[in-house]
Amino acid sequence: MKAGEVNESRAENEARPEERPRRILHCDMDCFYAAVHVRDDPALAGKPVVIGGSPEGRGVVAAASYEARRFGVRSAMPAARARRLCPGAIFLRPEFDRYRAESARVFEILRDISDRVQAVSIDEAYIDVTESFEAWGSATAVAEEIRRRVATERRLTMSVGVGPNKLVAKIASDFDKPDGLTVVPPRRVGRFLAPLSVRALPGVGPATQERLERSGLRTVADLRGVDRTVLTERFGRYGETLYRYARGIDRRPVVVHRERKSLSSERTFAEDLESTADQLAAIERLAERVAAGLERRDLAARTLTLKVRYADFTTVSRSLTLAWPTRLRELLGSLASELLERTEAAQRPVRLLGVGASKLSPAGEGQMTLFDERS
């Protein structure tokens with residue numbers, strides 16, 4: 001059901017405000033990481049591109065172009081397996097600073113069009129245009145303008161879903177990827193959802209899908225025929241959610257300001273770190289990244305957490321909380337090094353290290369210096 005096949009009725013637009021359905025857009029960049037590389041290097045166009053670690057080591061796929069996905073390559077897959085599935089794939093190391101910079105420019109376009117933008121991830125956002133779409137003529141026109149500007153100004157493609165709530169908009173944005181626009185007016189929600197697999201509903205992973213299909217519930221239409229009580233008995237609280245989602249009901253608001261609760265950086269090493277010197281050097285670099293992230297966001301942290309994964313995949317964490325928040329790089333690095341001493345890293349090879357900061361607050365609110373005492 002694409003834009004052009006479905007038109008929003010004028011009668012709906014002229015309904016009383018308290019009865020007027022919301023107009024929500026879900027904007028999702030297409031293969032964002034890979035698309036940035038392909039845009040900047042035309043020689044990559046049309047080729048299977050995989051962003052992630054080395055297939056010769058323990059690398060993991062962070063993203064894959066559509067050409068690579070046709071071979072079954074998916075994110076979070078070991079890079080070595082991705083190489084086996086697609087021997088001709090071009091592997092590129094991630095450049096997260098580059099992606100963040102590009103994301104910021106895309107979000108500038110979104111916020112230039114509406115002030116009701118909720119960032120979901122670096123390449124995904126919801127926009128509530130309920131109170132502003134009439135200036136454009138329709139919510140569809142807003143979506144078309146966003147896609148036009150992203151294409152002309154950033155030379156990237158974005159798929160957009162338009163619906164009366166987050167649920168429908170999200171599913172619609174996946175309906176016609178890549179570079180698609182799918183519009184689902186309120187009166188078409190039931191017809192749109194009915195033939196879809198239950199897997200299309202948020203929260204339905206492989207395990208839940210298998211449980212539903214064992215009961216003969218393969219499509220949203222099948223699920224819609226099940227009594228609410230039966231679903232809650234089988235799935236607990238999520239059964240209530242399934243009941244509502246099967247009927248296209250979703251009252252979650254678009255949240256413009258979401259308070260960041262934590263900031264972290266971690267790294268999986270190609271070879272286990274056995275020497276304390278190497279481990280400390282890695283921690284220093286991770287702490288510097290966290291401190292830089294706090295500085296960019298003008299935040300400070302009271303709690304610092306160290307994550308250690310040993311060679312046998314056993315994972316432990318250690319944390320401490322300060323009397324006052326800080327974002328000083330030297331202090332964060334020193335604290336993280338102290339936390340390492342509270343682990344068995346000196347006696348066991350280390351596969352992964354991570355440094356995280358939490359209990360965040362605006363910088364300057366009683367910020368700790370190197371000369372303050374810790375609690």
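In this chain, residues are counted from 1 in sequence order.
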Tell me whether the NZ or CZ atom of R105 lies within the 45° cone about the ring axis of F107 and under 6.0 Å from its centre. no

For residues 66-88, please give each side-chain donor-acceptor pair under 3.5 Å, one per line with the distance, not counting sequence neighbours.
{"residue": "E67", "atom": "OE1", "partner": "S65", "partner atom": "OG", "Å": "3.2"}
{"residue": "R69", "atom": "NE", "partner": "A64", "partner atom": "O", "Å": "3.1"}
{"residue": "R74", "atom": "NH1", "partner": "R69", "partner atom": "O", "Å": "3.0"}

Donor-acceptor pair, [X] side chain versus [Y] backbone, under 3.5 Å?
X: S138; Y: A141; answer: yes
X: N165; Y: G248; answer: yes
X: R327; Y: G293; answer: no
X: T232; Y: R228; answer: yes
X: K166; Y: P253; answer: yes
X: S103; Y: I122; answer: yes
X: T152; Y: R148; answer: yes
X: R39; Y: R154; answer: yes
X: E266; Y: G354; answer: no
X: R23; Y: D128; answer: no

Under a 4.5 Å cut-off applied to non-hydrogen side-chain atoms, are [X] and [Y] in contact?
X: R98; Y: D40; answer: yes
X: Y243; Y: R224; answer: no
X: R199; Y: P206; answer: yes
X: L353; Y: L286; answer: yes

Once rounded to the nearest 0.5 Å, what's the spacing between atom [atom1] of [X] and atom [atom2] of [Y]?
X: L299; Y: L294; atom1: CG; atom2: CG; answer: 6.0 Å
X: K177; Y: D30; atom1: NZ; atom2: CG; answer: 3.5 Å
X: L92; Y: L44; atom1: CG; atom2: CG; answer: 6.0 Å

Around R214, counting heavy atoms of other residues, nucleotides and ligands shown, do more than 12 lie under 6.0 Å from its CZ? yes

Heavy-atom count check: over 12 atoms from other residues, nucleotides or ligands less than 6.0 Å from R237 CZ? no

Side-chain ion pair, K170 and E124, N-O less than 4.0 Å: yes

Is any side-chain N of the basic residue among R329 and E295 closer than 4.0 Å to the acidic one's carboxylate O? yes

Would [X] end up clustered with [Y] when hydrophobic side chains under 4.5 Å apart are linked, directly or stepwise?
X: L335; Y: V316; value: yes
X: V220; Y: L217; value: yes
X: Y245; Y: V230; value: yes
X: V350; Y: V60; value: no

For the rings on H37 and Y99, is their centre-to-centre separation under 6.0 Å? yes

So salt bridge (Lys or Arg N to Asp or Glu O under 4.0 Å) across residues 340-355, not counting sequence neighbours, yields D312-R348, E344-R348

Considering non-hydrogen atoms only, spot the tightest contact between A143 and V162 and give its length. CB-CG2, 3.9 Å

Those residues that, when tested against T219, pass side-chain hydrogen bond (donor to acceptor under 3.5 Å, both in side chains) (two or more places apart): D222

